[in-house]
Structures are given as C-alpha cells and as structure tokens.
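Working notes, structure below.
These numbers were taken from a predicted model, which means no experiment stands behind them.
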Amino acid sequence: MPVFALIATPAVRIRSDGCAILQALPMEHLGARGMTEARTLAEISTAVTLYGERTAGAHPGRSFSISVHIRRGDRKPRGFDAAYRTGALGTDRWVLMVDNDADGARILHGRSAAETGNMASCKGDVA
C-alpha cells in the first residue's frame, strides 16, 4: 500500500489587489511528520484532516498548510496530482487570510490568530 508523509508548514494567504498569495515558511514545520498508508484520494483526504486537527490542537491559533509526499517507489492514486493542486485534499484548510504583509509576518513567526484583529479564516474559501 502506498505510504504518504504529511508535513505541516506555517503559511498564510495575503490579500493583494483582488487576489490572495500563499506565503509559507518551507523550512519550518509544526510538530512531527505524519505517516499514513492510503490507496484512494478519500483515504488521503481523511488522513490530512486528522493530521491537521491534531496539529491545530497542538498549535492553537497557528496558520499552516499541509504538504503530502509519497514514499519513493510507491504509486499515487489516480487523480492525486490534480486533487492536490486544486486543494481537494483539504491541505489548506488551516491557512488564515490576512490583509497585509505585516500581519502575515506576525502570524508566520508565531503570534496567535487571537492577537491579530483583521484576519479571517480561509477554511472553505477559494482564493
């Protein structure tokens, strides 16, 4: 069965001129890497949700995105690349939307969501 690694990376979406730009700290991770076996996109999506909920519980108020990596030599399920690219796996469910770079920098570097006033959750939003 294919094995996937799940990694939570601090990230925010910054509103700018009618669009939203994802900004992340790719060399930093929140918590331990999650490992899961999955054959279908639904199983991967479920694993992402469970891992994200654990990470959010361990790091309250943090904004993060989850990256999904397959073990070398394993085969991805059909449609994986498209689902990952479009966000259908739920990897950006915990990414917060901010209005400017200063708020984004504060959140990325560890200030909690409660400390920033003009922020909205991006859960379920498509930017």
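Side-chain contact between T9 and L30 is absent, with no heavy atoms from C-beta onward closer than 4.5 Å. The closest side-chain heavy-atom distance from R13 to D92 is below 4.5 Å. L50 has its side chain within reach of T46: a pair of non-hydrogen atoms, C-beta onward, lies under 4.5 Å apart. Looking only at side-chain heavy atoms (C-beta outward), V3 and D74 come within less than 4.5 Å of each other. Side chains of T91 and S67 form no contact here, defined as non-hydrogen atoms less than 4.5 Å apart.
With values rounded to the nearest 0.5 angstrom, E43 atom CD is found 8.0 Å from T36 atom OG1. To the nearest 0.5 Å, the span separating CH2 on W94 from OG on S63 amounts to 11.5 Å. The structure places CZ of R54 at 8.5 Å from CG of L6, a figure rounded to the nearest 0.5 Å. Considering CG of L89 and OG of S45, their distance stands at 6.0 Å, rounded to 0.5 Å.
When all heavy atoms of F4 and A38 are compared, the pair lying nearest together is CE1-O, 3.6 Å. Of all non-hydrogen atoms in A32 and Y51, the two that sit nearest each other are O-OH, 3.0 Å. Taking every heavy atom of both residues into account, R39 and P2 meet most closely at CG-CD, 4.4 Å.
By the criterion of side-chain heavy atoms lying less than 4.5 angstrom apart, applied directly or through intervening Ile, Leu, Val, Met, Phe, Trp or Tyr residues, F64 is not grouped with I7; the two fall into different hydrophobic clusters.
Counting non-hydrogen atoms of other residues, nucleotides and ligands closer than 6.0 Å to CZ of R71 gives a total above 12.
Residues that satisfy the salt bridge (charged side-chain N to carboxylate O under 4.0 Å, His left out) test with E53, not counting sequence neighbours, are R93.
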Got a list of side-chain donor-acceptor pairs under 3.5 Å for residues 80-88, not counting sequence neighbours?
{"unit_1": "D81", "atom_1": "OD1", "unit_2": "K76", "atom_2": "NZ", "d": "2.9"}
{"unit_1": "D81", "atom_1": "OD2", "unit_2": "K76", "atom_2": "NZ", "d": "3.1"}
{"unit_1": "Y84", "atom_1": "OH", "unit_2": "V68", "atom_2": "N", "d": "3.1"}
{"unit_1": "T86", "atom_1": "OG1", "unit_2": "A82", "atom_2": "O", "d": "3.0"}
{"unit_1": "T86", "atom_1": "OG1", "unit_2": "A83", "atom_2": "O", "d": "3.4"}

